[in-house]
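One structure is given here, and the rest of the page talks about it.
We use all heavy atoms of the structure for the numbers below, so side chains are in, but hydrogens, waters and symmetry mates are not. Per chain, numbering begins at 1; letters A, B, ... match sequence-line order.
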Amino acid sequence: MPELPEVEVTRLSFAYRIAGGKVLSASLGKALRWPLGCACNQLLGRVVVGVRRRGKYLLVDLDEGLLLLHLGMSGSVSFAEQLPPKGVHDHFELVTSHGTLRLHDPRRFGAVVFARSEDAPEAQKLLGRLGMEPLTDQFDLAQFQDQLKLRRAAIKQVLLAGNVVVGVGNIYASESLFAAGIRPTLSAARLSRPRVAKLHAAIRTVLANAVAKGGSTLRDFSSATGESGHFQLSAMVYGREGQACRVCQSPIKTLRQGQRSTFYCPTCQKA
DNA sequence: CACGGATCCTGATGGC
DNA sequence: TGCCATCAGGATCCGT
């Protein structure tokens, strides 16, 4: 479910409200992708200092240590003073004096991991190999060009891998490549510098636009306050196989890359 | 190191 | 209605 825009929309929807809250209780349900890395009662009394995002991770900063939350494919976060009773797929809960943070994740590809600090090995294991943040100045064009030169794989797969640039998942990889007019199957290393520059700008525009639209709600994404996103309504290619391209009217095509669907316009996206 | 494929898990959907 | 196959917003691990 969640790519960078959905994670950022989630963050924006609860960060300012949870900040300052003191942890009153914490509980875990079924196992997520990795163990929490501490006993739940070690979190008692901690104060939530703020919530940041790195790639698709939410970093819940505590006065001592931090929690790394990942939503996997099907995760979502709720935050409210009072939440409805726990359901079968609610696997983590942090009750604070400002409200309750809950992670709902049917497929359990998500994770909650405690780390003593961002630099600690348990955090670096998850964050250490992440690529550049696309919506910050860290996303340097020259560096992007240099790094793509080292990758022979298809540009779509390089974007998804997250070790060059983070946060671009299956929806926004297709959308960004459409915006840049690039065929998803092209080898990253063979893209001309001007085309990479176009892609660099496209990624930023597409992601920023998606955040502004509240993310994409395909089946069940909503922010921590329950708001649906509506980026999917303006998607140019994702989920539009067979429909007319919004620019040139050609039917949108689909293909499989690394067991994921890719959508593209055969006319607008040049080989 | 870079690459492609298998893998974790549950639920929705479509064909027969 | 049931059963089976396929697909779904991710990312790690493993063999080459």
For nucleotides 12-14 of chain C, which of its nitrogen or oxygen atoms have a protein nitrogen or oxygen under 3.5 Å away, and what is each distance?
{"residue": "C:dT12", "atom": "O4'", "partner": "A:Arg33", "partner atom": "NH2", "Å": "2.8"}

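- For C:dA11, one of the phosphate oxygens OP1 or OP2 lies less than 4.0 angstrom from a side-chain nitrogen or oxygen of A:His70.
- Rounded to an integer number of Å, the gap from A:Asp105 CG to C:dA8 P is 18 Å.
- A:Arg256 and A:Ser261 share a donor-acceptor pair across their side chains, judged by distance under 3.5 Å alone.
- Protein atom CD of A:Gln257 is 15 Å distant from nucleotide atom P of C:dC7, rounded to whole Å.
- Side-chain N/O atoms of A:Arg256 include none lying less than 4.0 angstrom from OP1 or OP2 on C:dT6.
- Residue A:Gly258 is classed as having no contact, given no heavy-atom separation below 4.0 Å to the nucleic acid.
- The residue A:Tyr238 sits close only to the backbone: its heavy atoms come under 4.0 Å of sugar-phosphate atoms, none of a base.
- Between A:Arg151 and the phosphate of B:dC3, there is a side-chain N or O to OP1/OP2 separation shorter than 4.0 Å.
- Note on A:Leu159: it clusters hydrophobically with A:Leu148, by side-chain heavy-atom contacts below 4.5 Å among ILVMFWY residues.
- Dashed line: the shortest gap from a side-chain N or O of A:Ser261 to OP1 or OP2 of C:dA8 is under 4.0 Å.
- Mapping A:Pro106 and A:Ala154 onto DNA chain B by nearest heavy atom places A:Ala154 closer to the 5' end of the strand.
- For B:dC9, its base never sits under 3.5 Å from the side chain of A:Arg108 at any donor and acceptor pair.
- Stacking between A:Phe109 and the base of C:dA11 is absent under the criterion of ring centres within 5.5 Å and planes under 30 degrees.
- Atoms CG (A:Leu103) and P (C:dG10) sit 16 Å apart, rounded to a whole Å.
- Using a 4.0 Å heavy-atom cutoff across all strands shown, A:Arg260 reaches at least one base atom of the nucleic acid.
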